[in-house]
Amino acid sequence: MNDLLIERTSSAYTYPLLIKNLLAYPVVNNPDQEIVYRDQLRFDYRTLRERICRLANALTKLGVKAGDTVAVMDWDSHRYLECFFAVPMIGAVLHTINVRLSPDQILYTIDNAEDDVILVHSDFLPTLDAIKGRIDTVHDYVLLCDEQVQPETHVPLCGEYEALLANASTEFDFPDLDEHTRATTFYTTGTTGMPKGVYFSHRQLVLHTLGALAAIGTPKTQGRLHQQDVYMPITPMFHVHAWGLPYVATALGVKQVYPGRYAPELLLNLIKEEDVTFSHCVPTILHMLLSHPDVESVDLSRWKVIIGGAAMPQSLCLAALKLGIDIFTGYGMSETCPIVALAHVPEDQLDKPLEEQVEIRCKTGRAIPLVGMHIVDEEMNPVPADGESTGEIVLRAPWLTQGYLKDNHNSEQLWRGGYLHTGDVANQGPNGYFKITDRAKDVIKIAGEWVSSLELEDLIAQHATVSEVAVIGLPDDKWGERPLALVVPGESEPNEKELVSFVKSFVDSGRLTRHAMMLKVLVVDEIDKTSVGKIDKKVLRKKHL
Ligand code: AMP
């Protein structure tokens, strides 16, 4: 028995770390601050709180109760932000559906998460139509739309979001839940098979919010998020809660701008008209924005941008810096809530020429508060932080997923030895900065979305012209990576056009996401193998990239 364990006075309140507590500060201290949706809607934090209560009441009326799962298919919107709060605050789980998965994969995630209600934007009704009759758990579908038109669909909609909110009360007595209650779930496309569900509790989301706030909110100048900033995510809200930043921005009470479906002109216009000063996105999106002709008419010199989801190319970083953008890298993964590292530039290096700053801004970053980030070899021995020796990044932090939903085998694999294994290979310099140099996991990231190389290999191998195939990620300035299939000929000479159209047939049937069609093909005589006869991707990458 430990005498120092704190004894609780019977009437003392043990404050649980709950998402509802993140909302209390801005509503009291910044009630007039605005939430903006495209060029269509704006309201203040007072109204945000009321709308969250209305949504909680509307969901309750639909029969949603603690322990149920409410799923969302929407672009980045004020509605999504409201769901980020209302759904977990009533004790239900928010499933943020990855709308870029193939219909079959989406169906799998709906089944696996056991969704009870789906809130669906009219743009995604065709996806649900494609899997109609195969969804077993959902009892209600709520329509999200930007225009007052009745969509043509077979989905049995029970009502429209705004109409349901209009009829609901602006007060809701949110319960004091156990802080370990599951708040969110979403799916990551793994190396093989169907997507894997990760999940986070109220406590984890609150601690992630505070950890990220401590890291982003405290540098003296560079890359600092503060009360006067205007925040706009350019990361899908289904992707790790838009990297958790909507929770951070709301907790701070800053003005927030939600852009809906991404279109370069609209995004640039919102930056200009709403004075957006803080965003985050994958490199592909920034590349798209900077290549757009409108970029010349927008002053980007007050814009701070975290680039994550993939390594930032130095050329992109330099181009952004030359436009005055304060750009730097963030690192994390779906399993990590996600932020675990940021590549802020130390204050004493900010007067260095831009060309020299690029190196540090493109590193993977330093661990943020409360994150234990280590590089280890295959036996879990530490690798020296000499800027050269490489090993796998393993992690401990209070906000890492505790496993994969209903998947013991992969959960144990993820957490072997008591550390979360990232599958990312990196070195660490004496200054604490990590730099990812390779990937141990067999996946390709195209425009921020995973495509499993193993699945592509399986499917391509079925083509008559293919005797053997290995797929690796080919670095690409625009897309981040594209799949490169190294093919040993079968019955006849394989050709790229035929193989891409073969892959398209699996996209059309819902098996693969459309990103798989970015395939490039290279015919080779043989494919290198390891000593145990496995395809040696390390050697193939060295040879062909
Ligand atoms: P996801 O689970 O889709 O968020 O993907 C996480 C993975 O993206 C990581 O494990 C890395 O492989 C990659 N990634 C994320 N951020 C970075 C970064 N800053 N540099 C290089 N790779 C990154």
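Please read all numbers here as calculations on a predicted model, not as lab measurements. Remember, it's 1-based here, ligands and their atoms both numbered in the order they're listed. Heavy atoms only: backbone and side chains are in, while hydrogens, waters and symmetry mates are out.
The protein heavy-atom contact nearest to atom 12 (O) of ligand 1 is D424 OD1, 2.6 Å. Ranking protein heavy atoms by distance to atom 21 (C) of ligand 1, first place goes to A311 N, 3.2 Å. W450 CZ2, 3.4 Å is the protein heavy atom nearest to atom 7 (C) of ligand 1. Protein heavy atom nearest atom 6 (C) of ligand 1, with residue, atom name and distance: M333 CB, 3.2 Å.
Contact between P338 and ligand 1 is absent, with no heavy atom of the residue lying under 4.0 Å from the ligand. Remark: distances from the non-hydrogen atoms of H239 to ligand 1 include one below 4.0 Å. Not close to ligand 1: G448, with no non-hydrogen atom less than 4.0 angstrom away.
Distances between N or O atoms of K445 and those of ligand 1 include at least one value under 3.5 Å. Taking distance alone, with nitrogen or oxygen atoms compared against 3.5 Å, K441 approaches ligand 1 more closely than that limit. Annotation: G330 places an N or O atom under 3.5 Å from an N or O atom of ligand 1; distance criterion only. Below 3.5 Å of separation, one finds an N or O of G309 facing an N or O of ligand 1.
Y37 and H78 have tilted rings, their planes meeting at an angle from 30° to 60° on a 0 to 90° scale.
Interatomic distance, K196 NZ to E335 CD, rounded to the nearest 0.5 Å: 7.0 Å.
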